[in-house]
Amino acid sequence: MIFRPFYYYDLGCAAYLLGCGTIGKCGVVDPRADDVDAYVAFASAKKMQITHVIDTHVHADHPSGGADLARRVGAQYCLHESADVRVPFMPLRDGEEIELGNTRLKILHTPGHSAESLCLVVTDLKRGVDPWFMLTGDTLFVGAVGRP
């Protein structure tokens, strides 16, 4: 698995690019609007195609680059099905899975931080069939939980 965090210390946020290096298929999670070029450049350098752009919730602490990045690279822009936004998106449902080659993302609807919040349980099939980690999208923090 290719896994690249993009940390933004100004607001305590992170975006992630992850996917299967074997087939060159990846997704970007929680991209910021001011860093779209960085995600495109990293994917290109790794010879990966961004097929999915996922916002774990409708962001209030920074402008999302999700819809713009998806349009730019021809990817699906994904939000939980309950998201109330004015841009077209692919609705994600609790329990469904996104396949990125050997990388799998299982959707967990986790309302609380916001009504449409979701977490992504990540499995790398090259490591095994058990989940490896979870991207919590501002619902869990070290020593705290996301506030509504």
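Bear in mind the structure is a predicted one, so any value in this text is a computation, not a measurement. When reading the values below, keep in mind they use all heavy atoms of this one structure, side chains included, and skip hydrogens, waters and symmetry mates.
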Apply side-chain contact (heavy atoms from CB on, under 4.5 Å) to residues Tyr77 and Asp55 and explain how you reach the verdict.
CA-CA 8 Å; Tyr77 177 51; Asp55 273 326; 2.6 Å; yes

For a quick test of your reading: what N or O donor-acceptor pairs under 3.5 Å do the side chains of residues 98-107 make, sequence neighbours left out?
residue: Glu99; atom: OE1; partner: Lys25; partner atom: NZ; Å: 3.4
residue: Glu99; atom: OE2; partner: Gly101; partner atom: N; Å: 2.5
residue: Thr103; atom: OG1; partner: Gly19; partner atom: O; Å: 3.3
residue: Arg104; atom: NE; partner: Gly101; partner atom: O; Å: 3.1
residue: Arg104; atom: NH2; partner: Gly101; partner atom: O; Å: 3.3

Taking atom CG of Leu135 and atom CZ of Phe3, what is their separation to the nearest 0.5 Å?
5.5 Å

Mind checking the OG1-CE spacing from Thr123 to Met134? Nearest 0.5 Å is all I need.
11.5 Å

So which heavy atom on Leu17 is nearest to which on Ala43, and how close?
CD1-CB, 4.0 Å

Heavy-atom check, side chain of Phe6 versus side chain of Arg32, under 4.5 Å:
no

In terms of heavy-atom contacts, Cys20 and Met48 come closest through O-CE, 3.5 Å

Out of curiosity, does Ile23 fall in the hydrophobic cluster containing Met1 (side-chain heavy atoms, cut-off under 4.5 Å, transitive links)?
no

Tell me whether Asp68 contacts the main-chain N or O of Ala33 through its side chain, where contact means a donor paired with an acceptor under 3.5 Å.
no

pair Val122-Leu18: side-chain heavy atoms closer than 4.5 Å
yes

Between His109 and His80, what is the ring plane arrangement, given parallel below 30°, perpendicular above 60°, and tilted in between?
parallel

Spatial distance of atom CG (Asp124) from atom CG (Asp130) [nearest 0.5 Å]
12.0 Å

For a side-chain contact (heavy atoms from CB on, under 4.5 Å) check, start with the C-alpha distance between Leu108 and Asp94, then their side-chain angles and the critical distance, and finish with the verdict.
CA-CA 5 Å; Leu108 291 181; Asp94 186 61; 4.2 Å; yes

Exercise: identify the closest heavy-atom pair between Phe89 and Ala83
CZ-O, 3.7 Å

Using the test ring pair (Phe, Tyr, Trp, His ring centres under 6.0 Å), find all partners of Tyr8 that sit at least two apart in sequence or belong to another chain.
none

Separation of Gln49 CD from Ser44 OG (nearest 0.5 Å)
11.5 Å

Using side-chain heavy atoms (C-beta onward) and a distance below 4.5 Å, is Phe42 in contact with Cys26?
no

Euclidean distance, Leu125 CG relative to Arg127 CZ, rounded to 0.5 Å
12.0 Å

Could you report the tightest heavy-atom contact between Gly65 and Val36, atom names first, then the distance?
O-CG2, 4.1 Å

Does any non-hydrogen side-chain atom of Arg72 lie less than 4.5 Å from one of Asp37?
yes

Compare every heavy atom of Val53 with every heavy atom of Pro31, then report the nearest pair and how far apart it is.
CG-CG1, 3.7 Å

Where do Gly66 and Ser64 come nearest, in terms of heavy atoms and distance?
N-OG, 2.9 Å

Could you give the distance from CG (Leu92) to CE (Met90), rounded to the nearest 0.5 Å?
5.0 Å

